[in-house]
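Residue numbering restarts at 1 for every chain, and letters A, B, ... go by the order of the sequence lines. All values below come from the heavy atoms of this structure, side chains included, with hydrogens, waters and symmetry mates left out.
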Protein chains: 2
Amino acid sequence: MVEAETPELVPQREVILRTAARLFREKGYERTTVRDLANAVGLQSGSLFHHFATKTEILAEVMKRGLDLASEQVADAIAAESTPDARLKAMFRSYLKALLSPECRDYMTVLLYDFRSLPPDLAREVHGYRTTQENRWRAVLRESLSDDWSDAEIRLVSQFVFGAMCWSLQWYNPSGTATLDELAEQFMQMAMSACRVNDCTREEAAKDRT
Amino acid sequence: MVEAETPELVPQREVILRTAARLFREKGYERTTVRDLANAVGLQSGSLFHHFATKTEILAEVMKRGLDLASEQVADAIAAESTPDARLKAMFRSYLKALLSPECRDYMTVLLYDFRSLPPDLAREVHGYRTTQENRWRAVLRESLSDDWSDAEIRLVSQFVFGAMCWSLQWYNPSGTATLDELAEQFMQMAMSACRVNDCTREEAAKDRT
DNA sequence: TTATATACCAAGCGCTTGCTTGGTCAACCG
DNA sequence: CGGTTGACCAAGCAAGCGCTTGGTATATAA
């Protein structure tokens, strides 16, 4: 037998992962049974364990895939720019586009919302992955913002902005009126605006101090 | 027998709800068994069903409680202000403070992150609740922002800002250095800043058009 | 041709789950 | 006092869960 669902030459393991990501996003990891998944792929439930040792392994793989896909897109977008400011804008834009893109959306939703279902060891691994990314992004912020931002302030603004973006997974509707590019543009502008908080308040504070 | 955990006169049903909210936040609804919950309260698992008909009912109750608590605090904060701008600021500040407050945090986390575990009918009910709130908040935004903001733009900025706040439930650590008040102040400023996107870009667009 | 490996199915095992049942005991009420 | 009620326990049931087992069909390689 060759392939039921996708006649192309895409490995079964890959098909399972994609389907798993979709189901996990729709119903949550815990509410998706191995029978659901097997059925969606066109297998018997037991046959899944020919490709993965445990259901948990599938979850971890889906999450890692999400991280890899998103961080690659962002890294590429940043690398294409030559000034700190342009890199920051590219980061914001590309991150939202990556998050919500059809290729990435399912994986990222699982990564961000089914974190608690990972066993401690894998949770630590995925968490490490995540902080690495966050540090990379804070570096881009640091590079663009004025020097008098403290580390704590940088962290706060990054949590604010990336929180806003991650949350978009909850409400974004691909069949809406606005295109993904328009959305990314507007989010980028709001994000840049949020990064400019201190440009005025800080001046006021300086005045107060003198 | 009177009361094991809390000697005060707080109804057992209330104790169960509080404990459930805490456990659901920590482990997720699906991964929390009725035995876990009963044990944490000091009961046998079957005894829970003397107070609630199903596990689902507990979840729904926890979520409604979260919505009620948060929206009450925000409503009070808004009512205390007299100008549109002050009301907007009060809304941002009070929402973050409500979200992260010890009394509310568990409930809200469950509300925002275990949505998929609700059966369709209850999901619709809670969803209705949520959109009512959102509309109320958009009205406050509308009142404060300049008239040339479209409905779509208002919706976008509200999704951006409230997304950023909701996400704080994921990373906020009550034992951190910054107080909740400081955090709320800084978030409010970033939120206000994000609302001011158009103040400059729009002018540019206007110039382009003429 | 025989041998080996891969991808799968059919069946089901053992365990955990939400929930039920039947009964106990203290508190309250007429 | 006797009777009712509300809160609980001890035990366990049926269903669903992740996963295992033993076997089959096909493809490749010797």
Side-chain angles (χ1 to χ4, degrees), chain A residues 1-21 23-24 26-63 110 114 116-122, chain B residues 1-21 23-24 26-63 110 114 116-122:
Chain A
M1 215 205 96
V2 192
E3 183 58 89
E5 197 175 75
T6 45
E8 337 147 40
L9 191 61
V10 50
Q12 185 72 299
R13 196 184 151 90
E14 184 66 31
V15 176
I16 294 172
L17 279 179
R18 285 184 201 171
T19 313
L23 291 179
F24 292 170
E26 288 169 1
K27 322 205 307 172
Y29 171 74
E30 303 287 349
R31 295 178 68 84
T32 305
T33 69
V34 293
R35 278 169 249 267
D36 290 337
L37 176 53
N39 198 48
V41 179
L43 293 178
Q44 293 298 107
S45 67
S47 304
L48 287 179
F49 297 95
H50 181 72
H51 300 274
F52 299 91
T54 61
K55 191 190 173 194
T56 302
E57 188 184 313
I58 303 181
L59 176 63
E61 203 71 26
V62 165
M63 289 185 171
V110 176
D114 277 317
R116 291 172 300 193
S117 295
L118 282 173
D121 52 334
L122 287 174
Chain B
M1 216 205 96
V2 192
E3 183 57 88
E5 198 175 74
T6 47
E8 336 146 41
L9 192 62
V10 48
Q12 184 73 297
R13 197 183 149 91
E14 184 65 31
V15 175
I16 294 173
L17 279 179
R18 286 185 201 170
T19 313
L23 291 179
F24 292 170
E26 288 170 359
K27 321 203 312 171
Y29 170 74
E30 303 288 349
R31 294 179 67 84
T32 306
T33 69
V34 292
R35 278 169 250 265
D36 290 336
L37 176 54
N39 198 47
V41 179
L43 293 177
Q44 293 299 108
S45 67
S47 304
L48 287 179
F49 298 96
H50 182 71
H51 300 275
F52 298 90
T54 62
K55 190 189 172 194
T56 302
E57 189 184 312
I58 302 181
L59 176 64
E61 203 70 27
V62 165
M63 290 185 170
V110 176
D114 277 316
R116 291 173 299 194
S117 294
L118 282 172
D121 51 335
L122 287 174

Do A:R35 and D:dG16 have a side chain to base donor-acceptor pair shorter than 3.5 Å? no
What's the CD-P distance between A:Q44 and D:dT21, to the nearest Å? 18 Å
Compare side-chain N and O positions of B:H51 against OP1 and OP2 of D:dC8 and report whether any pair is under 4.0 Å apart. yes
Considering every strand and a 4.0 Å limit on heavy-atom distances, what is the contact class for B:S47: base, sugar-phosphate, or nothing? base
List the atom of B:L48, the atom of B:V34, and the distance in Å for their closest heavy-atom pair. CD1-O, 3.4 Å
Rounding to a whole Å, what distance do you find between A:D36:CG and D:dG16:P? 12 Å
What's B:T56 touching, base or sugar-phosphate or nothing? Going by heavy atoms closer than 4.0 Å. nothing
Could you state the CD-P distance from B:E30 to D:dG18, rounded to the nearest angstrom? 11 Å
Exactly one candidate in A:R18, A:K55, A:R13 meets salt bridge (Lys or Arg N to Asp or Glu O under 4.0 Å) with A:E61; the answer is A:R13
Short question: side chain of A:E57, backbone of A:A53 - any donor-acceptor pair under 3.5 Å? yes
Short question: side chain of A:R116, backbone of B:F24 - any donor-acceptor pair under 3.5 Å? yes
Quickly work out the A:F49 CZ to D:dT20 P distance and round it to whole Å. 7 Å
Figure out the CG/P separation between A:L59 and D:dC19, and round it to whole Å. 12 Å
Output the rounded distance in Å from CD1 (B:I16) to C1' (D:dA7). 10 Å
Comparing A:K55 and B:G46 on DNA chain D - which has the more 5′ nearest nucleotide: B:G46
Counting only side-chain nitrogens and oxygens, does A:Q12 get under 4.0 Å of the OP1 or OP2 atom of C:dC8? yes
A:F52 CZ - D:dT20 P separation (whole Å): 15 Å
Is the closest side-chain heavy-atom distance between A:L43 and A:H50 below 4.5 Å? no
Out of D:dC19, D:dA7, C:dC8, which nucleotide sits closest to the side chain of A:H50? C:dC8
Touch class at under 4.0 angstrom, heavy-atom based, for B:L43 against every strand present: sugar-phosphate
Taken to the nearest whole Å, CZ/B:R13 to P/D:dC8 is 13 Å
Is there a donor and acceptor pair, one atom on the side chain of A:T54 and one on the base of D:dC19, closer than 3.5 Å? no
